[in-house]
Chemist: 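Pasting in a structure now, in structure tokens, and then I'll have a few things to ask.
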Amino acid sequence: MIDFCVETGVEELNLLEYIPRGNAKDKDLVLSFEEELEVVKEIAKKYSQVKDVLNINPRFVRPLVQDYCKQCLGLDFPDVVHGCGAGTFFGFINNKGELYPCDWYVSIVLSEYSGEQINLTIRPFYDIWKEKIFDNPYELTEGSEFYQKYKPCNKCKYLKNKCYPCPVFGINKEEIKIKKCNNYFDLGRDIKKDEK
Ligand code: SF4
């Protein structure tokens, strides 16, 4: 795909995560961690050759992958910004014209705002977007320590910097584990041990 984009003069390639919903439901096509590592390695090998002509957005992985490529493969990897953009670079508009940070948040927003206050047929977009509920909606309702239960995110330099794991999964849960990131941390740690 990268070669095809370069050959045809495409300037930007977004690589998205496979989501097993809709027609993809019940199909076992999600990449295993080992398969993901292979894909990451292929992209990293090509990246330095094509980065000046093709902007690659590898949205199927999280920012830690960049560290893994540097430490374990000695290769650069395209910049990764991952996760939930609710209220920052993503919004949801329903069929009445009401604007929400995310479709999971409809009832919470409506407990604080009237439908008219957030309706795009009544108020301009940016007047609504500036309302407090769009400024990190999950922290407003779940508290600033909310992400502490996300592991290993709670010790990751990319949390709320380049990476915003979906907060919905953490609501009413004691702990959330991002398994693939744990694996990347472990691979990096193994390399550091070997270097000692
Ligand atoms: S550990 Fe968490 S914050 Fe860090 S890259 Fe992975 S998902 Fe993002």
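Both ligands and their constituent atoms are indexed starting at 1 by order of listing.
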Chemist: Please report which non-hydrogen protein atom sits nearest to atom 7 (S) of ligand 1, along with the residue it belongs to and the distance in Å to one decimal place.
Modeler: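 For atom 7 (S) of ligand 1, the nearest protein heavy atom comes out as Arg62 CD, 3.1 Å.
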Chemist: Ignoring hydrogens and geometry, is there a side-chain-to-backbone donor-acceptor pair from Asn154 to Gln148 under 3.5 Å?
Modeler: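 It does hold such a pair.
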Chemist: What atoms in ligand 1 come closer than 4.0 Å to a heavy atom of Leu64?
Modeler: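 Reading through ligand 1 atom by atom, the close ones are 1 (S), 5 (S).
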Chemist: Tell me whether Asn55 contacts the main-chain N or O of Lys51 through its side chain, where contact means a donor paired with an acceptor under 3.5 Å.
Modeler: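 Side chain of Asn55 to backbone of Lys51: no pair is present.
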Chemist: Taking 2.8 Å as the cut-off, does an N/O/S atom of Cys181 lie below it from atom 6 (Fe) of ligand 1?
Modeler: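 Coordinating: yes.
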Chemist: Please check: side-chain N/O of Tyr18 versus main-chain N/O of Ala24, any donor-acceptor pairing under 3.5 Å?
Modeler: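 The answer is yes, because a donor-acceptor pair under 3.5 Å joins these two groups.
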Chemist: Do Glu36 and Lys41 meet the salt-bridge criterion of a basic N to acidic O distance under 4.0 Å?
Modeler: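 No, Lys41 and Glu36 are not salt-bridged.
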Chemist: Rounded to the nearest 0.5 Å, what's the gap from SG on Cys69 to CG on Leu64? Could you check?
Modeler: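 Cys69 SG to Leu64 CG: 11.0 Å, rounded to 0.5 Å.
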Chemist: For atom 8 (Fe) of ligand 1, grab the closest protein heavy atom and report residue, atom and distance to one decimal in Å.
Modeler: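 I find the closest protein heavy atom is Cys163 SG, 2.3 Å.
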Chemist: Among all protein heavy atoms, pick out the one at the shortest distance from atom 2 (Fe) of ligand 1; state its residue, atom name and that distance to 0.1 Å.
Modeler: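 Atom 2 (Fe) of ligand 1 sits closest to the protein heavy atom Cys153 SG, 2.4 Å.
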Chemist: At a 4.0 Å threshold, what atoms of ligand 1 neighbour a non-hydrogen atom of Pro63?
Modeler: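 Near Pro63, meaning under 4.0 Å from one of its heavy atoms, ligand 1 has 5 (S).
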Chemist: Looking at atom 8 (Fe) of ligand 1, is there an N, O or S atom belonging to Cys156 that lies under 2.8 Å away from it?
Modeler: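 So Cys156 does not count as coordinating atom 8 (Fe) of ligand 1.
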Chemist: Is Glu174 salt-bridged to Lys149, cutoff N-O under 4.0 Å?
Modeler: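 Judged by the 4.0 Å cut-off on N to carboxylate O distance, Glu174 and Lys149 do not form a salt bridge.
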